[in-house]
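Working notes, structure below.
In what follows, every chain begins at residue 1, and chains take the letters A, B, ... in the order their sequences are listed. Side chains included, hydrogens not; waters and symmetry mates left out as well; all remaining heavy atoms used.
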Amino acid sequence: MTSGDRPGPRNFIEEIVEEDIRTGKYGGRVHTRFPPEPNGYLHIGHAKAICISYGIADKYNGLYNLRFDDTNPTREEQQYIDAIKEDIRWLGFDWEDREYYASDYYEQLYEWGLQLIRKGKAYVDDLTAEQIREHRGTLTTPGKESPFRNRSVEENLGLFERMRKGDFPDGSRVLRAKIDMAAANMNMRDPVMYRILHATHPRTGDKWCIYPTYDWAHGQSDSIEGITHSLCSLEFENHRPLYDWFLEELEVHHPQQIEFARLNLNYTITSTRKLRTLVEEEFVSGWDDPRMPTLSAMRRRGYTPEAIRRFCDNVGVAKADNVIDIAKLEHYLREDLNKTAPRVMAVLRPLKLVIDNYPEDKIEELDAVNNPEDPSMGMRKVPFSRLLYIEQDDFREEPPPKYYRLAPGREVRLRYAYFVKCVDVVKDKDGKVIEVHCTYDPETRGGDAPDGRKVKATLHWVSSAQAIRAEVRLYDRLFTRSDPNEVEGEGKDFRANLNANSLETLTDCRLEPSLSSVKASDRYQFERLGYFCVDPDSRVDKLIFNRTVSLRDTWAKIEEAQEKGKG
RNA sequence: UGGGGGAUCGUUCAAUGGUAGGACGGUUGACUCUGGAUCAACUAAUCGGGGUUCGACUCCCUGUCCCCCAGCCA
């Protein structure tokens, strides 16, 4: 694609990139990267960042790297590296052979540390962490210089080399940049570049016992990779002057950092630390619990990568803090699933329906459309018989206003089958309706009445004898508050806002027999209910479906309004 | 009370001195063998106060509010 047929800039980052291409700032080159720390799983917020960086590279015929910012061995694990790669691949992005690790650059970083020491721009500090904090000053008062700040180059060199050799215990010394302890920007008050950590690194093992801080590693890693545009979130804006300082002192390739606002979703947390808390304290079953906003959880729940990418492409890129309505995510999910998910009939909360005038032993195979949005998906047969299940919600002994479904004396259509009319009900000793009796009109086979009469409702159903049993897990939002971090009361946190009803497990669901050979992660629309996805724990003898998202439900809205009206 | 950012429909992103627009949500209607989908219409905003200008979301002055920074986390 040439720049001529490329659509114009869609956001301020693309404007900057286009300007840089125009002026030949990096020789017209565009090279971005996504730099996750492997200390947890990727979530929907990361998806936005990935889409932005990858999208820019793609749009401007550039390259895209994946780089793990693995500078803290005490929190990082190989399992996270593996999971992150899987998630990015699933999202549909290919970094080809450009998979890098900040730990690949440890030797170079160390050399550069030496270089800064020789320039008199870095020094080994013997202060404790607490003393360093005290010396740093506050937001409104300048810091004090460390007594070790003016050691000779030779002494610093010797000490730094011994730090690497392992002569000193954890926390006893650090290497700091010598910048300005009175800087208004706290990041410039002699930031730490190396700390001593006798920890095993997932990739470098025990080779190192000093590790670069993120601030020292990040900008140079971008530089080494020839990154042109380092896109990151807003909180690193304050760090940019520091990265610029390092790069200038080192006189190396200088990428341009551009910050944008990270994605937030209402009723959701997107903090790796807090998500880990939910996992570790077993509020959820794991990082891939379908209620989590992690990509692995969304995948398990039935989200499609296409839907997530469409969502990310449509939330916009700006610098203002934002909280996106989860309804927007669900909109793009439904939009995609509506086009791609085969339709099928499933009854979640079964209620027996007996067709009194239908022959006892008769079974008909009726034609059903697999996807009205896509005729190429074809047709299937669905068995019909005298004894069926319908949804408990689809019958009311005393129907409220605007309730179109089945009720005593009412006639409705059974999808793809016949018109049926309720003639009787059977109740248990508590007065609960356990069986609905109907008569059917044989003239309406297939679902249309030759006499032209209409019904207000069409119900889904499953033939009892042929039905398959399944477990279906219904998910609701994980938090009850739009802002899960908003708490009332002392000492409370987001955990106080967990939704106790975020998971409802239905164990007595009945599915049409065409579903007998489903595989994990297969997606379907259960007609009139929602989109469902086969869980990886599902087995042939015990099918398990996750509700990905419900269908838009006009009746639920009416009913809710009626409830409110009463209250 | 230092420094760095940011304020436009309910939400989110546009409009870069010339008719404030899109998406989501909401409401109403049409259509429908899914109360789905689809289609149509409607709803609704420039943080406040000054100024420059024929004309200001945009430029200037001033005020207010919000976010980030005092990890040897990233």
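- The base of B/G3 sits within donor-acceptor range of the side chain of A/Asn238, with an N or O pair under 3.5 Å.
- Checked by atom type, the side-chain pair A/Gln131/A/Thr128 shows a donor-acceptor distance below 3.5 Å.
- For A/Arg189 and B/G4, the CZ to C1' distance is 14 Å, given to the nearest whole Å.
- If you check B/G6, B/C24, B/G36 against the side chain of A/Ala320, the one that comes closest is B/G6.
- Base pairing of B/U43: its partner is B/G25, meeting the Watson-Crick or G-U wobble criterion (both donor-acceptor distances under 3.5 Å).
- Going from the C1' atom of B/U32 to that of B/A37 covers 9 Å, rounded to whole Å.
- Within the nucleic acid shown, A/Ile324 comes within 4.0 Å of sugar-phosphate atoms alone, with no base atom in reach, counting heavy atoms only.
- Residue A/Arg552 places at least one side-chain N or O closer than 4.0 Å to OP1 or OP2 of B/A37.
- Applying the Watson-Crick and G-U wobble criteria (two distances, each under 3.5 Å), B/A30 pairs with B/U38.
- Across every strand in view, B/G18 sits in a pair with B/C54 that passes the Watson-Crick or G-U test at under 3.5 angstrom.
- Side-chain atoms of A/Val412 and A/Phe419, non-hydrogen and from C-beta on, never get closer than 4.5 Å to each other.
- Taking the C1' atom of each, B/A30 and B/G35 are spaced 15 Å apart, rounded to whole Å.
- In this model, the phosphate group of B/G2 is not approached by any side-chain N or O of A/Thr141 to a distance below 4.0 Å at OP1 or OP2.
- At a cut-off of 3.5 angstrom, counting only N and O atoms as typed in the model, there is a donor on one side and an acceptor on the other between the side-chain of A/Gln525 and the base of B/U34.
- Judged by distance alone, the side chains of A/Asp215 and A/Tyr243 do bring a donor and an acceptor atom under 3.5 Å apart.
- Contact annotation: A/Arg276 side-chain N/O to B/C73 OP1/OP2 distance is not under 4.0 Å.
- Using a 4.0 Å heavy-atom cutoff across all strands shown, A/Pro36 reaches no nucleic acid atom at all.
- Residue contacts shown for A/Val455 are absent, as no nucleic acid heavy atom lies under 4.0 Å away.
- When the C1' atom of B/C69 is taken as reference, atom CG of A/Leu139 falls 7 Å away, rounded to whole Å.
- Counting only N and O atoms by type, the side chains of A/Arg413 and A/Thr458 include a donor and acceptor under 3.5 Å apart.
- Closest approach to the A/Ala184 side chain among B/G6, B/A37, B/G3 is made by B/G3 (side chain taken as heavy atoms from C-beta onward).
- When heavy atoms are screened at a 4.0 angstrom cut-off, A/Tyr403 is found touching base atoms of the nucleic acid.
- Looking at A/Asp190 and A/Lys178, no side-chain N of the basic residue comes within less than 4.0 Å of a carboxylate O on the acidic one, giving no salt bridge.
- Listed candidates were B/C24, B/A74, B/G2. Nearest to the side chain of A/Asp69 is B/A74.
- Using N1 to N3 plus N6-O4 or O6-N4 for Watson-Crick, or N1-O2 and O6-N3 for G-U wobble, each under 3.5 Å, B/U64 pairs with B/A7.
- Listed nucleotides B/U34, B/C72, B/G4 differ in distance to A/Val174; the shortest reach to its side chain belongs to B/C72.
- Along RNA chain B, the nucleotide nearest A/Phe12 and the nucleotide nearest A/Ser172 are compared for position; the residue whose nucleotide lies closer to the 5' end is A/Phe12.
- Within the 4.0 Å cut-off from OP1 or OP2 of B/C24, at least one side-chain nitrogen or oxygen of A/His331 is found.
- For A/Arg240, no side-chain nitrogen or oxygen approaches OP1 or OP2 of B/C68 to under 4.0 Å.
- A donor N or O paired with an acceptor N or O is found under 3.5 Å between the base of B/G36 and the side-chain atoms of A/Glu373.
- Residue A/Arg334 places no side-chain atom within donor-acceptor reach of the base of B/G36, judged by atom type and a 3.5 Å distance cut-off alone.
- Between the side chain of A/Lys339 and the base of B/A37, no donor-acceptor pair of N or O atoms lies under 3.5 Å.
- The shortest distance between the side-chain N/O atoms of A/Arg195 and the OP1/OP2 oxygens of B/C73 is below 4.0 Å.
- For A/Lys454 and B/U32, the shortest distance from a side-chain N or O to OP1 or OP2 is not below 4.0 Å.
- Atoms CD and OG1, on A/Glu76 and A/Thr74 in that order, are 7.5 Å from each other to the nearest 0.5 Å.
- Counting any heavy atom pair closer than 4.0 Å across all strands shown, A/Arg133 reaches sugar-phosphate atoms only and no base atom.
- Comparing B/C39 with B/C31, their C1' atoms are spaced 8 Å from each other, to the whole Å.
- Whole-Å rounding puts the A/Phe68 CZ to B/A74 P distance at 16 Å.
- Side-chain N/O atoms of A/His239 and base N/O atoms of B/A74 include a donor-acceptor pair closer than 3.5 Å.
- If you check every strand for non-hydrogen atoms under 4.0 Å, A/Leu127 touches a base.
- Only one option out of A/Tyr416, A/Tyr440, A/Trp461 pairs with A/Phe384 in a ring pair (Phe, Tyr, Trp, His ring centres under 6.0 Å); it is A/Trp461.
- For the OP1/OP2 pair of B/A74 and a distance below 4.0 Å, the side-chain nitrogens and oxygens of A/Arg75 include no atom meeting the criterion.
- Look at A/Arg405 and you won't find any side-chain N or O under 4.0 angstrom from OP1 or OP2 of B/U34.
- Counting only distance, with no hydrogens or angles, the side chain of A/Tyr194 and the backbone of A/Tyr110 share a donor-acceptor pair below 3.5 Å.
- Using a 4.0 Å heavy-atom cutoff across all strands shown, A/Val315 reaches sugar-phosphate atoms only and no base atom.
- Across all strands shown, B/G2 pairs with B/C69; the Watson-Crick or G-U wobble distances both stay below 3.5 Å.
- Under 4.0 angstrom from either OP1 or OP2 of B/G71 there lies no side-chain N or O belonging to A/Thr213.
- Nucleic acid contact class of A/Glu527 (heavy atoms, under 4.0 Å, all strands): base.
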